[in-house]
Amino acid sequence: MEERQYEKHAETLVLTEDGINIAAFWLRLLCGCGTDGRFEPIFVMENIIPFFDNSFNYEIAEKSLWKYGEYMPAYYNPLANKIVIRSDVYDGALEGNAMDTITIAHEVVHCIQSIIMRFLDAIKCVDFKTELCKANSSEMKKHEIQTDRITSLVMCPERLVQGKTEDEVVQQYFVRPLVQFMCGLVKTAGKSLLEVLDGANCDVKKEVEACAV
């Protein structure tokens with residue numbers, strides 16, 4: 001991979017501090033949890049993810065046939081777009097075991113990051129699933145730590161809104177990222193995209209128009 005291409009990819013693989021918070025907020029939003037609902041990783045895996053991505057699948061593997069050892073009870077394969085979970089971990093999460101629930105939540109967050117990043121990078125014609133598997137060990141380590149942090153915010157949303165008013169949460173996590181995304185669309189697709197915004201909020205449209213200048 002050319003250095004320039006890798007740098008562009010690395011920017012999406014490893015997020016900033018603010019990006020981690022925004023990712024956690026949107027992940028909860030997409031899963032219908034808002035800022036105070038309970039995040040249920042098994043329900044999300046079995047019902048929400050397939051709704052957004054029909055190429056996704058998951059497998060519950062028998063513990064007696066598990067080949068990955070005690071310290072890898074589940075994993076997400078980005079190329080196959082598949083979550084694989086050891087059967088005892090899946091059963092434990094169904095019974096309310098906290099560690100098993102967090103284990104599955106981590107893999108679910110991996111998968112949803114892939115969906116979001118593939119969507120954002122589609123404009124650049126980047127296959128995120130393939131690129132994720134090409135990343136070097138340093139970037140992957142950072143990505144794993146990032147996924148842990150997003151998972152903790154998804155499971156404990158009060159940390160996302162702590163010390164912020166409702167208006168600050170909406171502005172920081174919803175409005176600004178949405179405007180930035182639309183600005184990116186304008187810069188990529190051209191000013192003709194502004195026609196789509198004719199019926200949009202005037203303030204948002206002004207900010208997007210400014211990006212196109």
Side-chain angles (χ1 to χ4, degrees), residues 13-15 17-119 128-129 132 140-164 166 169-170 172-174:
L13 181 63
V14 180
L15 301 175
E17 183 74 22
D18 194 44
I20 288 173
N21 291 331
I22 292 170
F25 175 85
W26 277 88
L27 193 150
R28 288 186 58 86
L29 198 66
L30 292 173
C31 293
C33 302
T35 56
D36 55 3
R38 183 172 179 178
F39 182 79
E40 300 282 0
I42 290 181
F43 178 82
V44 171
M45 178 180 74
E46 296 179 347
N47 298 278
I48 304 297
I49 296 177
F51 177 79
F52 286 106
D53 187 354
N54 58 18
S55 71
F56 169 76
N57 59 104
Y58 68 91
E59 177 186 348
I60 311 303
E62 286 296 326
K63 182 179 180 181
S64 59
L65 302 176
W66 192 254
K67 302 177 181 179
Y68 302 98
E70 195 69 23
Y71 297 102
M72 189 178 177
Y75 64 90
Y76 171 62
N77 182 333
L79 283 179
N81 199 19
K82 181 178 184 178
I83 292 176
V84 182
I85 306 168
R86 204 174 63 207
S87 59
D88 61 311
V89 173
Y90 180 81
D91 292 340
L94 286 177
E95 294 170 2
N97 181 283
M99 287 305 300
D100 292 335
T101 300
I102 291 171
T103 294
I104 296 175
H106 176 95
E107 304 309 328
V108 166
V109 169
H110 264 310
C111 182
I112 298 179
Q113 281 187 95
S114 174
I115 293 172
I116 294 173
M117 293 179 186
R118 277 184 283 137
F119 172 73
F128 180 78
K129 292 185 293 184
L132 180 60
M140 279 305 301
K141 184 176 181 180
K142 292 176 184 177
H143 186 66
E144 282 295 328
I145 294 172
Q146 169 181 297
T147 301
D148 281 338
R149 295 181 62 191
I150 294 175
T151 301
S152 69
L153 291 172
V154 167
M155 300 296 287
C156 302
E158 61 272 10
R159 293 172 54 193
L160 274 174
V161 299
Q162 188 174 23
K164 295 181 176 65
E166 185 175 338
V169 169
V170 171
Q172 182 177 349
Y173 297 149
F174 185 81

**Prompt:** Is atom CZ of Phe52 surrounded by more than 12 heavy atoms (other residues, nucleotides or ligands) closer than 6.0 Å?
**Reply:** yes

**Asked** Does the Arg86 side chain pair with the main chain of Met72, one donor and one acceptor, at a distance under 3.5 Å?
**Response** no

**Asked** Under 4.5 Å between any side-chain heavy atoms of Lys164 and Tyr173, yes or no?
**Response** yes

**Request:** Supply the atom-to-atom distance Cys31 SG to Phe51 CZ, rounded to the nearest 0.5 angstrom.
**Result:** 12.0 Å

**Asked** Using the ring of each side chain (for Trp, its six-membered ring), is Phe174 parallel, tilted or perpendicular to Phe25, with breaks at 30° and 60°?
**Response** perpendicular

**Message:** Quick one, Ile104 and Asp100 - any side-chain contact, counting heavy atoms below 4.5 Å?
**Reply:** no

**Request:** Compare all side-chain heavy atoms of Ile20 with those of Leu153 and state whether any distance is below 4.5 angstrom.
**Result:** yes

**Heavy-atom side-chain proximity of Met45 to Ile85 below 4.5 angstrom** = yes

**Request:** Write down the atom of Val108, the atom of Pro41, and the distance for their closest heavy-atom approach.
**Result:** CG2-O, 3.6 Å

**Item:** Pairwise side-chain contact, Leu160 with Thr35, heavy-atom cut-off 4.5 Å (strictly under)
**Value:** no

**Asked** Is it the case that more than 12 heavy atoms not belonging to Glu166 sit under 6.0 Å from its CD atom?
**Response** no

**Phe56 side, atom CZ; Ile49 side, atom CD1 - distance, nearest 0.5 Å** = 4.5 Å

**Message:** Check the orientation of Tyr75 and Trp66. Use parallel for under 30°, tilted for 30 to 60°, and perpendicular for over 60°.
**Reply:** tilted

**Fill in**
Ala74 and Glu107 have their tightest heavy-atom pair at O-OE2, 3.5 Å

**Message:** Is there a side chain to side chain contact (heavy atoms under 4.5 Å, CB included) between Ile48 and Ile112? Walk through the geometry before answering.
**Reply:** CA-CA 10 Å; Ile48 304 297; Ile112 298 179; 5.9 Å; no

**Complete:** CZ of Arg159 to CZ of Arg149, rounded to nearest 0.5 Å, is 8.0 Å

**Glu59 side-chain N/O to Val84 backbone N/O, donor-acceptor pair under 3.5 Å** = no

**Prompt:** Out of curiosity, Ile83 CD1 to Ile60 CD1, how far, rounded to the nearest 0.5 Å?
**Reply:** 9.0 Å

**Message:** Looking at Asn47 and Phe43, would you say the former's side chain and the latter's main chain have a donor-acceptor pair under 3.5 Å?
**Reply:** yes

**Prompt:** Closest heavy-atom contact between Cys111 and Asn81?
**Reply:** SG-OD1, 4.0 Å

**Prompt:** How far apart are the closest heavy atoms of Leu15 and Ala23, and which atoms are they?
**Reply:** CD1-CB, 3.9 Å

**Message:** Quick check: closest heavy atoms across Gly96 and Thr101, and the distance to 0.1 Å?
**Reply:** C-OG1, 4.4 Å

**Request:** Provide the closest heavy-atom pair for Asp18 versus Gln172 in the form atom of the first, atom of the second, distance.
**Result:** OD1-NE2, 3.1 Å

**From Lys142 atom NZ to Glu144 atom CD, the distance as rounded to the nearest 0.5 Å** = 14.0 Å

**Asked** Once you round to the nearest 0.5 Å, how far does CD1 of Ile150 lie from CE of Met155?
**Response** 14.0 Å

